[in-house]
Amino acid sequence: MNRNTAVPIIAKGNYMTLSHSPQPILSTDDLGIIYPGGIEALRATSINFQRGEFTVLLGLSGAGKSSLLRSLNHLVKPTSGKVISAEFGILDNQGTLRRHRRKTAMVFQHHQLILRHTALQNVLMGRLGYHSFWRSLLPPPKTDLELALHCLDRVGLADKALVRVDQLSGGQQQRVGIARALAQQPSIILADEPVASLDPSTSEKILSQLKQICAEDGITSIVSLHQLEYAKRFADRIIGLAQAQVVFDAAPQELDDKQLKLIYQQSANPKRKDKHTADTQSNSSYQYLPTKTATQLEIAK
């Protein structure tokens, strides 16, 4: 069945969602996020993410995209509801979360690379979740080195393996970030505004490369964007957010002027205007959000 033409859209609460028959790889059940100060970043939201699908979370800054995305591996801890992994179950304890993070890679807007290290050393960070703390202090095994070099080759940077990251361009740094994510051998990649700081030409190359690799490897991708043209071009499915809730969930072809107005509506809630929007609050208060990758967080524990 062609999901873009035959999958019905059903109403759920105050937003739309898609009806799917296969078991999702990841889902949320009434997931809600409130930041300190009572800032509501995400209203109770239930979504299924399908295996191998390239999903774009679309919306204005402050709509709740990054909060939803980061909650899927608990880089932002939900205030209510739960995240459920098809492989590991409910993310309600450290053991389950650790296993989920190991198979859920993250690509950040600002790369989160160690600038004084080489591209190869940064990519090897993606392997930390597979080793004990003491093993991570030793030189990486040959298999990890081979995998890291292969990941760099896939993003076209094999010749930059021994170059320090601070000598690379912004686009090259983001490709190192993608290679690091691939080194985790993930089932899921979460990408938080991965092209927001890049020029249009580089942005298209990065998104095209990311989608191609994920399609080749069967990786489920969930990417937050605010650029409509990129969402329509690359997404298999678009989830539109506005004012901390999902207002659209369908294939890109289903987007029309009415749906776009829902996604790009201005806040009509004076309280939210006075306190700024939730993601704006989260962006200006990143002391509440870890800046390390999930694998780095596990090693630090």
Side-chain angles (χ1 to χ4, degrees), residues 12-15 17 26-47 49 55-85 90-94 96-98 100-101 104-112 188 190-194 196-197 222-226 239-249 262-294 296-298 300-301:
K12 184 165 185 177
N14 295 322
Y15 56 87
T17 187
L26 191 66
S27 60
T28 68
D29 183 12
D30 287 335
L31 192 74
I33 300 170
I34 299 177
Y35 288 123
I39 304 298
E40 188 176 41
L42 188 69
R43 303 180 189 179
T45 299
S46 297
I47 303 176
F49 295 99
T55 298
V56 168
L57 306 180
L58 181 66
L60 295 170
S61 296
K65 306 184 303 299
S66 290
S67 296
L68 171 58
L69 186 84
R70 287 168 173 259
S71 72
L72 297 177
N73 63 355
H74 282 211
L75 287 183
V76 169
K77 190 172 181 179
T79 309
S80 59
K82 53 194 175 184
V83 179
I84 307 164
S85 163
I90 300 171
L91 307 186
D92 58 358
N93 62 75
Q94 285 301 313
T96 300
L97 182 58
R98 185 176 296 109
H100 173 66
R101 282 178 171 174
T104 303
M106 191 93 187
V107 177
F108 297 89
Q109 175 181 345
H110 298 296
H111 319 316
Q112 303 299 347
I188 302 169
L190 308 177
D192 190 5
E193 297 281 3
S197 60
I222 306 169
V223 182
S224 68
L225 295 173
H226 63 266
I239 297 176
L241 290 97
Q243 299 183 44
Q245 64 182 328
V246 175
V247 296
F248 176 83
D249 187 349
L262 285 174
I263 296 171
Y264 291 103
Q265 62 186 306
Q266 298 299 314
S267 174
N269 187 329
K271 183 177 180 181
R272 290 179 63 80
K273 280 186 178 181
D274 290 341
K275 291 190 174 183
H276 307 295
T277 54
D279 276 358
T280 302
Q281 171 73 12
S282 66
N283 287 337
S284 63
S285 305
Y286 265 150
Q287 65 267 30
Y288 301 116
L289 305 181
T291 56
K292 297 181 179 179
T293 65
Q296 287 174 297
L297 290 171
E298 294 304 332
K301 290 181 180 178

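Values below: every heavy atom of this structure, side chains too, minus hydrogens, waters and symmetry copies.
Across all non-hydrogen atoms, the minimal contact from Leu225 to Pro194 is CD2-CD, 4.2 Å. The minimum heavy-atom distance between Ser71 and Val83, with the atom names listed, is O-CG2, 3.6 Å. The two residues Ser66 and Ser224 have their closest heavy-atom pair at OG-OG, 4.4 Å. A pairwise comparison of heavy atoms in His226 and Gly59 identifies CB-O, 3.2 Å as the closest pair.
A 4.5 Å side-chain heavy-atom check between Leu241 and Thr45 finds every atom pair outside the cut-off. Side chains of Tyr264 and Leu58 form a contact here, defined as non-hydrogen atoms less than 4.5 Å apart.
Going from atom NE2 of His110 over to atom CD of Glu193 covers 9.5 Å, rounded to the nearest 0.5 Å. We find the CD-CG distance between Gln245 and Leu68 to be 12.5 Å, quoted to the nearest 0.5 Å. Here the OG1-CG distance, from Thr28 to Leu42, works out to 7.5 Å after rounding to the nearest 0.5 Å. For the atom pair CG (Leu31) and OG (Ser46), the distance works out to 8.5 Å, reported to the nearest 0.5 Å. To the nearest 0.5 Å, atom CD1 of residue Ile84 and atom CZ of residue Phe49 are 12.0 Å apart.
Under a 4.0 Å N-O distance rule, the pair Asp192/Arg70 qualifies as a salt bridge.
Not counting sequence neighbours, the partners of Ile34 by the side-chain contact (heavy atoms from CB on, under 4.5 Å) test are Thr79. Every residue meeting the side-chain contact (heavy atoms from CB on, under 4.5 Å) condition with Ser85, not counting sequence neighbours, appears here in chain and number order: Leu26, Glu87, Phe88, Leu91, His100. Here Lys77 pairs with nothing under the side-chain contact (heavy atoms from CB on, under 4.5 Å) rule; sequence neighbours left out.
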* Going through the distances and angles, do Lys65 and Ile239 end up as a side-chain contact (heavy atoms from CB on, under 4.5 Å)? -> CA-CA 9 Å; Lys65 306 184 303 299; Ile239 297 176; over 6 Å; no

* To do: Verify side-chain contact (heavy atoms from CB on, under 4.5 Å) between Asp92 and Lys82, making sure each step is shown before the conclusion.
  => CA-CA 8 Å; Asp92 58 358; Lys82 53 194 175 184; over 6 Å; no

* Intermediate values then yes/no, side-chain contact (heavy atoms from CB on, under 4.5 Å), Leu69 and Ile222 -> CA-CA 7 Å; Leu69 186 84; Ile222 306 169; 3.6 Å; yes

* With side-chain contact (heavy atoms from CB on, under 4.5 Å) as the test, would you mind laying out the steps for Leu72 and Thr104 before giving the verdict? => CA-CA 9 Å; Leu72 297 177; Thr104 303; over 6 Å; no

